Every structure is written in C-alpha cells, then in structure tokens.
Amino acid sequence: MKKYTENTFSKIIYGTCALFLLCSYNKKGKEVPHVKFKYEHFSSLNRIPEPSDIVYDKDTKHFFIVSDHGMLFECDLTGKIIRKADEEGLDFEGVEVTDSFVYVSDETPRKIYQYRKSDLSLVKTYMVTWGGAANKAFESITYNETKKCWVLVSEAPVVIIEYDDHFKELDRHHFHATRDVSGARWYKGAMYLVGNKDETIFKCDPVTYEVLESYKVDILNPEGMTFDADGNVSMTSDDLQRIYFFKNLPTIKQ
C-alpha cells in the first residue's frame, strides 16, 4: 500500500460529522446511496507494525490483528496485546475467525495459515494460486456464511475469489466499484469490502457482490474492518498504527 504521513492525514479530517446523502450507480445502473461515516475515537497500536487487518471473536471477546510483517496478535478490545503467535509469515494481510481456528492470508507467498485459537499454534498451511505482482494479491480473507465458502479479494485489479474448505478455487467475480480493496468481512447477511484509496466501505450483496450501499470513512489508509457483538465497527490503519472505533453503520433511508 502507498505510504502516507501524519501531515497528509491531518489534511483529510472532516470538519463536520453530519451525514450527507450522495449518489453513485452500480453496474446495473441502480442508484447506490453513499454517506459519510465518522469515527468516535482511536487507539494506538505502537507494538504492532503496520496492522493490516482485524477481526472480532465473539467467543473470547477479543480482537485478532495481523501485521504486514507476518505476525498474528490476540488483543483486548482496546488493542492491548494479550499474546502473539510464534509461527510467523512474510506479509500477513487478512484474518478471519471460525469456530476454534484463526485463518490468516499471507499475500507474498500466496499462503493461508490455519492457527488453533486456543493457543495460536499453527495447524496447517494451504497454498492458493494467483498471478500478478507479489504485493498485489490477497488483501483480505473472510468466510461468506451465505454461500458457505471462503472469500479472498485481490488488491488490484479487484477480483473476489471464492474457495471451498480446502482452499480450492470455486469461482471469481470482478469488482469495479473501487480502485483497490484492502479488507473484506461478511456480517449479518452482507459482504463488506474496504476501498483503501477511495477510503470507502462497500456493503455488497453476498451472492452477486453487487454494491448496495457505501460509506465514506474519515480515516487515512483504511485496511481491515470488523464488527463487534453490538454491531459497532472497528478499522485498522497500517501506516498510522491505529484502531479506529465507530458506532453502527448508519441506516440509509432510500
């Protein structure tokens, strides 16, 4: 991802937190509501270099956070590190929790790591295929409960790839609503994609990945996103080493 400075960040902070209804159109020509979504506060992640994704675990009520430096951390809800996995990779970009396991995508070598949630020990490694530049592969991993498949999304060009439980490819969907994607998360019957350069969350149909709504976030370099037990949103920014905390996504009246 492109690097930014704190000065650049300060220039893009919004002066007003009101919601402004804008309009864009999906590929079928249907109007897509678009609103601004302002964070409430943030916490620094000074001990996690370039935090690239975050997921909330409902069982432990903790966050699992991965670093671009190939490290997996378990943290409390303020971002304080509880423990770190011993087994490291090269370029961790996505993290997901299902049942008793934590799954991590390693962009550069095109690998998926399966860790045991109870002790963060490495259980298994899967290889996935994807061409292109080493740092233009998978920026995310999530499980699509609607279609019962794993989803990995390439950064650019944006392609949504579905996999079975053994990470054998099932299908591909090209996504043109944003210039790049840095995060993905299935939540309550919808797929959410994070556009890094466009600083936007896209709520998508979980079957077709058609954009239903979009939310402009007021943070620099958004990477991963997750929803807590109450539906509140948290997002990471890798360059600034922060977690940003939001309330629920706003309801858009159409």
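All figures in this text were calculated on a predicted structure; none of them were measured in a lab.
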To the nearest 0.5 angstrom, please state how far the [atom1] atom of [X] sits from the [atom2] atom of [Y].
X: S237; Y: E223; atom1: OG; atom2: CD; value: 7.5 Å
X: Q114; Y: K124; atom1: CD; atom2: NZ; value: 7.5 Å
X: K247; Y: K38; atom1: NZ; atom2: NZ; value: 12.5 Å
X: T142; Y: W186; atom1: OG1; atom2: CH2; value: 9.0 Å
X: D205; Y: M191; atom1: CG; atom2: CE; value: 10.0 Å
X: N221; Y: T236; atom1: CG; atom2: OG1; value: 9.0 Å

Over all heavy atoms of both residues, which pair between [X] and [Y] is shortest? Give the atoms and the distance, please.
X: G195; Y: T178; result: CA-OG1, 3.7 Å
X: G89; Y: D106; result: CA-OD2, 3.5 Å
X: A177; Y: V211; result: CB-CG2, 3.7 Å
X: P33; Y: I252; result: CB-CG2, 3.3 Å
X: D76; Y: I82; result: N-CD1, 3.6 Å
X: A190; Y: P206; result: CA-CD, 4.3 Å

### Message
So that I can tick it off, tell me whether D198 and R179 are bridged by a salt bridge, with the cut-off set at under 4.0 angstrom between side-chain N and carboxylate O.
### Response
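Salt bridge present between R179 and D198.
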### Query
Between K111 and E107, does at least one N-O distance fall below 4.0 Å, as a salt bridge requires?
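The answer is no: the pair does not qualify as a salt bridge.
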Do [X] and [Y] come within less than 4.5 Å of each other through their side chains, counting heavy atoms only?
X: Y244; Y: S234; result: no
X: L220; Y: L240; result: yes
X: I112; Y: V128; result: yes
X: K216; Y: E199; result: yes
X: L193; Y: C204; result: yes
X: K117; Y: D59; result: yes
X: I161; Y: F167; result: no

### Task
May I ask you to decide if the ring planes of F42 and Y39 are parallel, tilted or perpendicular, using 30° and 60° as cut-offs?
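Ring orientation of F42 relative to Y39: perpendicular.
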### Task
Among F138, Y113, Y126, W150, find the one that has a ring pair (Phe, Tyr, Trp, His ring centres under 6.0 Å) with Y103.
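Single ring pair (Phe, Tyr, Trp, His ring centres under 6.0 Å) partner of Y103 among F138, Y113, Y126, W150: W150.
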Using the test side-chain contact (heavy atoms from CB on, under 4.5 Å), find all partners of [X] that sit at least two apart in sequence or belong to another chain.
X: F227; value: R185, Y187, Y192, M225, V233, L249
X: S140; value: V153, A184
X: N248; value: N232
X: D99; value: none

Quiz question: by atom type and distance under 3.5 Å, do the side chains of [X] and [Y] form a donor-acceptor pair?
X: D238; Y: S52; value: no
X: S105; Y: E93; value: no
X: R242; Y: S44; value: no

Who pairs with [X] by side chain to side chain donor-acceptor pair (under 3.5 Å), at least two apart in sequence or on another chain?
X: D86; value: none
X: E145; value: K148
X: T60; value: D57

### Task
Could you work out the complete set of other residues in the hydrophobic cluster of I81, with links drawn between I, L, V, M, F, W and Y side chains under 4.5 Å apart?
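Listed partners: L45, I48, I54, Y56, F63, I65, M71, F73, L77, I243, F245.
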### Query
Mind checking what makes salt bridge (charged side-chain N to carboxylate O under 4.0 Å, His left out) contact with K147, not counting sequence neighbours?
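In terms of salt bridge (charged side-chain N to carboxylate O under 4.0 Å, His left out), with neighbours along the sequence ignored, K147 is linked to E162.
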### Message
Taking salt bridge (charged side-chain N to carboxylate O under 4.0 Å, His left out) as the definition, give me every residue that meets it alongside D171, ordered by chain and number, with sequence neighbours left out.
### Response
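Once residues adjacent in sequence are excluded, D171 has no partner under the salt bridge (charged side-chain N to carboxylate O under 4.0 Å, His left out) criterion.
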### Query
For the rings on F37 and F246, is their centre-to-centre separation under 6.0 Å?
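Distance test on ring centres: under 6.0 Å, yes.
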### Full working for side-chain contact (heavy atoms from CB on, under 4.5 Å) between S214 and F202
CA-CA 4 Å; S214 60; F202 297 90; 3.9 Å; yes
### Other residues, nucleotides, ligands: >12 heavy atoms within 6.0 Å of R83 CZ
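More than 12 heavy atoms, drawn from other residues, nucleotides or ligands, come within 6.0 Å of this atom.
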### Message
More than 12 heavy atoms of other residues, nucleotides or ligands under 6.0 Å from NE2 of H166: yes or no?
### Response
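Atom NE2 in H166 is not crowded, with 12 or fewer foreign heavy atoms closer than 6.0 Å.
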### Task
Answer with yes or no whether the hydrophobic clustering places F101 together with Y163; edges join I, L, V, M, F, W, Y residues whose side-chain heavy atoms lie under 4.5 Å apart.
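Hydrophobic grouping puts F101 with Y163.
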### Task
Report the residues that fulfil ring-ring contact (aromatic ring centres under 6.0 Å, His included) with F64, sequence neighbours left out, ordered by chain and then residue number.
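Residues passing ring-ring contact (aromatic ring centres under 6.0 Å, His included) with F64: none at all.
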### Query
Listed by chain and number, what are the ring-ring contact (aromatic ring centres under 6.0 Å, His included) partners of H69, not counting sequence neighbours?
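Per chain and number, H69 pairs via ring-ring contact (aromatic ring centres under 6.0 Å, His included) with no residue.
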